[in-house]
Amino acid sequence: DVKVTQSSRYLVKRTGEKVFLECVQDMDHENMFWYRQDPGLGLRLIYFSYDVKMKEKGDIPEGYSVSREKKERFSLILESASTNQTSMYLCASSLYASRGTEAFFGQGTRLTVV
Amino acid sequence: ILNVEQSPQSLHVQEGDSTNFTCSFPSSNFYALHWYRWETAKSPEALFVMTLNGDEKKKGRISATLNTKEGYSYLYIKGSQPEDSATYLCAFIGTGNQFYFGTGTSLTVIP
């Protein structure tokens, strides 16, 4: 059974804290993605990685960074958490450059910054 | 920012009604179009992966069509059931391999 696992389901952090959201996939996928989901705005791409140590900015990278040291793990880092980063964060993975492939999603992390 | 639009934003139908949603996307640099179903408290799951203009896919009571030249896809649900209640997302995949999602259509089927 394919799996994308996010480290936490719910997280509460204080303003200014450095926050790490971890995502691990067991499908040997090259592509990994971080999205945030807000009401009325759908899934917005924060960062994307197509290989180890490779990353590309999505539509809303400000305030975030990412790390991909191993193929199976993609971390999202909030350098200094702010209240406007309160959201649902979804990680996904897919095969690279394969037309027939789909994205597989983690269960989501609901982050609240207070 | 690449624009993928879905309409309507939300929909309430009676059990047994048929319904359809629209996904609009750029007609250039097309690689694939996906439909996902996202049920409350679960992860989004793929319904269809469509790659060729004119593609038609079917899974039970749900079907989808694709027009890449004009940049739209339709999702149809025949005889809606309460278990069809979910948010339906489309995703445009361009030649850069990124997945761009629409804002989704929230479907509620009333028993």
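Bear in mind the structure is a predicted one, so any value in this text is a computation, not a measurement. Naming convention: chains lettered A, B, ... in sequence-line order (proteins, then strands); numbering from 1 in each chain.
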Before you tell me yes or no, could you show the steps for Leu90(A) and Trp38(B) under side chain to side chain contact (heavy atoms under 4.5 Å, CB included), namely the whole-Å CA-CA distance, both residues' side-chain angles and the distance that decides it to 0.1 Å?
CA-CA 12 Å; Leu90(A) 277 165; Trp38(B) 193 1; 3.3 Å; yes
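The structure places OG of Ser43(B) at 7.5 Å from CD of Gln6(A), a figure rounded to the nearest 0.5 Å. Ile93(B) contributes atom CD1, which lies 10.5 Å from atom CG of Asn31(A) (distance to the nearest 0.5 angstrom).
With a 4.5 angstrom heavy-atom cutoff, Leu89(B) touches chain A only via side-chain atoms. Contacts of Arg44(A) with chain B are absent, with no heavy-atom separation under 4.5 Å from either backbone or side chain. Neither the backbone nor the side chain of Tyr50(A) comes within contact range of chain B, judged by heavy atoms closer than 4.5 Å. Residue Leu45(A) touches chain B through its side chain alone, counting heavy-atom pairs closer than 4.5 Å. Contact annotation for Phe48(B): neither backbone nor side-chain heavy atoms come within less than 4.5 Å of a heavy atom of chain A.
With contacts defined as side-chain heavy-atom distances shorter than 4.5 Å, the pair Glu102(A)/Tyr36(B) qualifies. Residues Tyr100(B) and Asp59(A) have side chains in contact (heavy-atom distance under 4.5 Å, counting atoms from C-beta outward).
Within a 6.0 Å radius of CD in Glu15(B), more than 12 heavy atoms belonging to other residues, nucleotides or ligands are found. Other residues, nucleotides and ligands contribute only 12 or fewer heavy atoms inside 6.0 Å of the CZ atom of Arg14(A). Within a 6.0 Å radius of CD in Gln9(B), other residues, nucleotides and ligands contribute 12 heavy atoms or fewer.
Note on Tyr76(B): it does not cluster hydrophobically with Leu47(B), by side-chain heavy-atom contacts below 4.5 Å among ILVMFWY residues. Neither Ile77(A) nor Phe33(A) shares a network with the other; the hydrophobic side chains, linked directly or stepwise wherever heavy atoms of I, L, V, M, F, W or Y lie under 4.5 Å apart, form separate groups for each. By the criterion of side-chain heavy atoms lying less than 4.5 angstrom apart, applied directly or through intervening Ile, Leu, Val, Met, Phe, Trp or Tyr residues, Leu11(A) is not grouped with Val24(A); the two fall into different hydrophobic clusters. Tyr74(B) and Val4(B) are members of different hydrophobic clusters when ILVMFWY side chains are connected at heavy-atom separations under 4.5 Å. Two different hydrophobic clusters hold Tyr72(B) and Trp35(B) under the rule that ILVMFWY side chains link at heavy-atom gaps under 4.5 Å.
Contact detail for Phe99(B) and Tyr35(A): the closest heavy-atom pair is O-OH, 2.8 Å.
The most heavy-atom pairs under 4.5 Å with chain B, out of Gly58(A), Ala92(A), Gly106(A), Ala103(A), come from Ala103(A).
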